[in-house]
Each structure stands twice: as structure tokens, then as C-alpha cells.
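Take a look at the structure below.
Atoms considered below: every heavy atom in the structure, side chains included; atoms not considered: hydrogens, waters and symmetry mates. Throughout, residue positions are numbered sequentially from 1 according to the sequence presented. Both counts, for ligands and for their atoms, begin at 1 and track the order of listing.
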Amino acid sequence: MCGLMGYAGPSPAAPILLEGLARLEYRGYDSAGLAVLEGDRLRVEKLAGRVSELAARVRGLAWPGRLGIAHTRWATHGEVTEQNAHPHLDCHERIAVITNGIVENWRELRAELEAGGHRFRSETDTEVIAHLAEALAPSLGVAGAVREAAARLRGAYAFLLVHATAPDRLFVARRSAPLVIGVADGAAIAASDVPALLPHTREIVYLGDGESAELWPGGIRLTDAAGRPVARDPVHVPWSAAEAEKGGYAHFMLKEIHEQPRAVADTLVGRLDLSAGRPRLEELPLSEPRISAARRVLLVACGTAWHASLYGAALLEELARVPAAAVLASELRYGHPVLGPDTAVVAVSQSGETADTLAAVRLAREAGSPVLAVCNVMGSQLTRDADATLYTRAGLEVGVASTKAYTTQLAALALIAVEWGVRRGTLPPAEAAAAVEGLAAAPGALAEALRLDGPAADLARQYRFAYNFLYLGRRHNWPTAAEGALKLKEISYIHAEAYPGGEMKHGPIAMIEPTFPTVAVAVEGSVREKMLSNVSEIRARKGPVILLATRGDRDAAAAADHVLELPRVPERFSPLSAVVPLQLFAYHVAVERACDPDRPRNLAKSVTVE
Ligand code: G6P
């Protein structure tokens, strides 16, 4: 949450910073601001509003300064006002700082600094960093002051700082919140996430936890918390700058929904051995004895990744006959979980930077559990903390509402479950071969499901004024219902609740009436009939039903008000394609209601606060 961008190079900084900021806007978009150094003169512009508004204001200024920092905010402390927008300055307006994350001990630091005569202008936690650096720089120098200030902060944060006395230097530090650095064409760039760096370089240096760095045109120096130099090779990121563009689609979300057949194919490519009838997961050390010997698996995640984990847990139990459960990372970390060498933890995360997921992984490691990451972002913190990583290869996902990250997580978890079933001997060879074929067919089924775009848009027009929605699914498709409901509420702000079909009679049915629509998943398979019974019960109470059914299922078609027909696929892989019309429906409802699906209110793509 919050996007940070910093540039030190040969060109005027402002346009480069603003372009980078636009690529980070998915992280937060309450307010925006930038600070540029021209010699020892610090120039600052900020406002409560979008990056485009800031760009419009700065365009006329033609600042020549070649070093600066810029910020897009997702408010945590203090309302959305210009005063609280970043950058924040010290008393003498020579230091500018921008932050992502939360400084937990800001109150005590502020009281101490105010007692020492510092004057604060905002309600933010960030401002303490500017004043701390102001207090420390005379004795420690700017780099030392940055390190010492970082050491005195509690919480999860990353910050960028410039100081008028060091006009060719950019200072950065991080603890738990993400920060990436690139060096290219005589410039050094720091940002919260890779997309801002892509127009400049694909060689990315990840700043480690507790480290700080000094950047200057064309160079960087990394240091640990004690000020010792750190050597780190860049990671090559296989994404292109074009992935950060909409490519003709009205929104990133729609583009990413349509990218799913390709993305899932990428997840699977080289990982299915069709002739041997089993997965080929060489990069995944399931042979890692600690992982394959586990007697129990906990899948840990937040948000959409938790829905994928629900599916992964069900499939692991079904195919590998190992007890498995999906746990919300924020619940696990504050609970009293039973962890240890016998319990393998599978941490599922698109970004690899979600604060609660990282904290849960730390807890698991401390307890001796082996940790396997299922992650999309190469080199992210999670992949560095885990014992092994299976990359989902979704490519860059910009839309705040996750779509292709989800289906690729489903595919990756299915691969793990099949592989684990083969290794544990619980999945007979014929079934394993059928599973591999079923997975190989998934991208084609996803492509067919995309044809439901038109029907989903029609339904969106019809139901755009509903106040509530119920989503129902069972077994493999209970997570599908949960994910469909999440998509709708995230981007259209319509309340949507998901329930496993069997639980409907234990409460939700009381809400059913003609203005309360239900979306039900009743594709071919073991729970189809049970789902159709649920649908009858709803319709008997005059509740409208949109049903997802397998193409050609006439009984299902007759059972509902509207039917969205999906291709015939093996039941256990049906969630990969069944979620597609639900994503499309949510997207079109949002557009019908004039909501911005790429920038839903109050949300951020990467939740780096706890
Ligand atoms: C936020 C995003 C969700 C995402 C969740 C977990 O809430 O808006 O789309 O599913 O964080 O993120 P992760 O990067 O760990 O998958």
C-alpha cells in the first residue's frame, strides 16, 4: 500500500517519477506528491487526488532537477488531505521523505521530537522520519542518520529520503515493506514494486529486510543495519514494460481476465509430463524430505490467495490423502497454531509481500515447519523466506481485484496436489494420467469460458441495482463462490456473501426474496444434484437465480432464471474455468455502476500493513 518512486539520473526527474507513479497507482490512490532537488533547492508539490492531477499540475512547472522522490498514498494515519499527502519535510524544509507502511512508535517519537523543538505539520506517522533525520544528520551524516532513524522505527515500512545537503543522493531503507532498486543508463531508481522499473530495466535488486541504500546517478551502495556493505546480484524479471499497459482493453482487470488462458498455460508449461502421466516439477523440491514427509499441510494466505488455498487444501486431501487446511494468515499468526517439523506450510501469495502472510511464515519457520511458497513475484520477500518456491507465472497483475493470479494459483496448487499424490502413492497411475490431461486442457476451457463475456454483461445490466447477492457452491467450487462474491463486493460495492451450498439452510435462506439474487455453481460432478436442490429451494421462495452449469445440462437450465454454460471439464479442475464468468459479471456490474474496477475505493493491491 502506497507507492514509492525515486530517481537519480541524467534526465529531469519529475516526468520519470510521475510515469513510475502511474504504474504504482494500484498500490493506493488517495493522494499524490513529489519532491525534486535542484542543487540544494527542494521543490515540492502534493495534493489530495490522483497521480494524473499531480501530473497536470507539475507539467507547467518544467522543473530541471534530476533527482527526486514521488508518492501515491493509501491513507493509514491522518485523513486524505493535502497536508497529510507525502512528501513530508523537516523543520527547515531541507529533507523530504515518503513512506509505505506504518511506523508503529510514531506517537512516542513525535512527542520526543516536539519536546526537542521540532514543529510538525501533518497527522501522519511518516513525518517523524523527516524530523528524526534532521536531528541525527549533523552528527551522523545523512546516510548514518537514515540508518539510525530506521533503527529507531518500529513497524513494517519502507522509506525514501532526499536531503538538500546531499543533492546527488537518494537514501532508502526498509523493514518488511517492499523496495526494489534498478540501475540503468546512468540512473539509479528505487520503487515499491517492479512495474515502475520496467521502462528502465529488468535487472532488479531487492533491498533486504533491515537494509538501507544510497543511490546516485548510475550507482548504488547497500548496507546492513550496522552500516556494513552488502553485495547483492540483481534478479532478472521476465516481464515487459508492455505488460504494464492496458493493450487496448478498457481496464487492466478486463485485460487480465482475458489473459488467463495464456497465464495458466504458462503456469503449466514444462511442468506436465503427458507421456509419463504425471507432473514434472523439478524446480519444486517435494523431494525435499522435510516437505514430503509432512503429516499435515497448512495453506496460509490472505484474500483471493486464501480462496485458492481452500481449493488447494481440498485437492491435497483428495489426491494426496494428507490432512490439509487453508488458514487465513492473520488468524494463524495471532492464534496458537500447532506447527512443527510434521506440519508443512504452503504460503500462497501473488505479491510475496503481504505483511500477514510473511509474519505467518516467520512463525512457521520458528516452529520448525518447512515452508513452500506459491508465488507470482520473483525474488519477493516470501520467496526468500521459504524453503522452496513454485512460481505461478501469471505475469504482471496490475488490477487491484486479482484474476489471473487466482487461476494460476489454482493451477499451481493442482500441480502440487497431483505430484504429491503420485509421490505418496495415493493417486493410482491411471488417475494421475487423467489428472495431467485434465490440467493440460484447462487453458482451452478457460478460453471457452471467456465467451461468456457478452452474457455476463447482459446480466450485469439486469442486476446492477441489486443491494445484496448470495453466492453458493460446494466442494471444489465453494472457493469459486467465495471468489465470485469477493470480486463483486471489491469493485462494485454491492454486498455479496458466499456460502457452501449445504449451509444455506442454516441461515442465509432467511434472506431470500424476489430482490435478493443468488449466483450458484452447479457444474457436472458429485455435488451437482445437491446444488440443484438448493436452487429449487431458493426459487420456491421467489429468489432469482443465476446458475453456472455444464453446457448441455438441460435440467440445470430449467432450474434457474439464467444459465451461464461452461465447457465440460473434470469436476476437480472445474474451478479454473468456473470463476471466469463470475469475474466478468463483477467487472461489468462495476462498469455499469460507474465504479473504477482497477482502483476500487479503500483497497490496495499489496497489503503491506498488518
Ligand atoms: C489484497 C489484494 C487481493 C489479494 C490479497 C493478498 O487484499 O487486494 O487481491 O488477494 O491482498 O495478496 P497476495 O499478494 O498475498 O496474494
Side-chain angles (χ1 to χ4, degrees), residues 1-3 24-29 74 76 100-101 156 176-178 192-195 252-253 256-257 263 299-312 326-333 345-362 371-386 389-410 412-413 479 482-493 579 582-583 586-587 590 596-610:
M1 352 210 34
C2 293
L24 294 173
E25 215 178 1
Y26 64 83
R27 303 182 69 83
Y29 27 80
W74 185 88
T76 60
N100 168 29
S176 299
S192 292
D193 202 358
V194 175
F252 278 110
M253 183 182 178
E256 288 159 4
I257 289 172
L299 294 97
V300 179
C302 302
T304 286
W306 180 66
H307 294 154
S309 301
L310 287 170
Y311 170 73
V327 194
L328 288 164
S330 53
E331 286 297 306
L332 181 117
R333 63 178 292 204
V345 166
V346 178
V348 185
S349 172
Q350 188 284 130
S351 63
E353 301 289 355
T354 302
D356 282 324
T357 306
L358 293 177
V361 163
R362 267 196 299 277
V371 176
L372 170 64
V374 173
C375 187
N376 190 37
V377 179
M378 291 190 79
S380 58
Q381 186 67 44
L382 175 62
T383 66
R384 284 177 278 147
D385 290 349
T389 300
L390 186 69
Y391 283 104
T392 50
R393 304 180 185 156
L396 177 63
E397 190 181 67
V398 177
V400 170
S402 187
T403 53
K404 63 176 179 169
Y406 177 67
T407 38
T408 55
Q409 283 163 354
L410 298 182
L413 289 166
E483 180 60 9
L486 178 67
K487 289 299 86 124
L488 189 71
K489 66 186 144 203
E490 275 182 318
I491 59 172
S492 74
Y493 320 138
V579 77
L582 303 187
Q583 297 166 337
Y587 170 79
D596 179 350
D598 284 344
R599 295 188 193 90
R601 70 182 180 207
N602 305 340
L603 297 182
K605 184 149 192 72
S606 172
V607 180
T608 53
V609 296
E610 299 164 333

Tell me if a side-chain donor or acceptor on Ser492 pairs with a main-chain N or O of Lys489 at a distance below 3.5 Å.
no

On a heavy-atom basis, I'd like to know which of Thr304, Thr357, Thr354 is closest to atom 15 (O) of ligand 1.
Thr354

Which ligand 1 atoms does Ser351 reach within 4.0 Å, using its non-hydrogen atoms?
13 (P), 14 (O), 15 (O)

So, the side chain of Gln381 versus the backbone of Pro178: is there a donor-acceptor pair under 3.5 Å, distance only?
no

Test applied, side-chain hydrogen bond (donor to acceptor under 3.5 Å, both in side chains); reference residue, Ser402; option that passes from Glu397, Glu483, Gln350:
Glu397

At what distance is the nearest protein heavy atom to atom 7 (O) of ligand 1, and which residue and atom is it?
Val607 CG2, 3.8 Å

Numbering the atoms of ligand 1 from 1, which are under 4.0 Å from a heavy atom of Val400?
8 (O), 9 (O)

Considering the heavy atoms of Ser402, write down every atom of ligand 1 situated less than 4.0 Å from one of them.
9 (O)

Nearest to atom 16 (O) of ligand 1, what protein heavy atom do you find, and at what distance?
Gln350 N, 2.7 Å

Report yes or no: do Thr304 and Lys487 form a side-chain donor-acceptor pair below 3.5 Å?
yes

Backbone N or O of Ala590 within a donor-acceptor pair of the Tyr493 side chain at under 3.5 Å?
no

Identify, for atom 11 (O) of ligand 1, the protein heavy atom at the shortest distance, and state residue, atom and that distance.
Lys605 O, 3.7 Å

Tell me which protein heavy atom sits closest to atom 8 (O) of ligand 1, plus the residue, atom name and distance to 0.1 Å.
Ala604 O, 3.2 Å

From the options Cys302, Gly303, Cys375, Ala301, select the one whose nearest heavy atom is closest to atom 6 (C) of ligand 1.
Cys302

Report, in ascending order of atom number, the atoms of ligand 1 lying under 4.0 Å from any heavy atom of Ala305.
10 (O), 16 (O)

By the definition side chain to side chain contact (heavy atoms under 4.5 Å, CB included), identify the one residue from Glu256, Glu25, Met253 that meets it with Val398.
Glu256

Applying the side chain to side chain contact (heavy atoms under 4.5 Å, CB included) criterion to Gln409, which one of Val348, Asn376, Leu390 satisfies it?
Val348

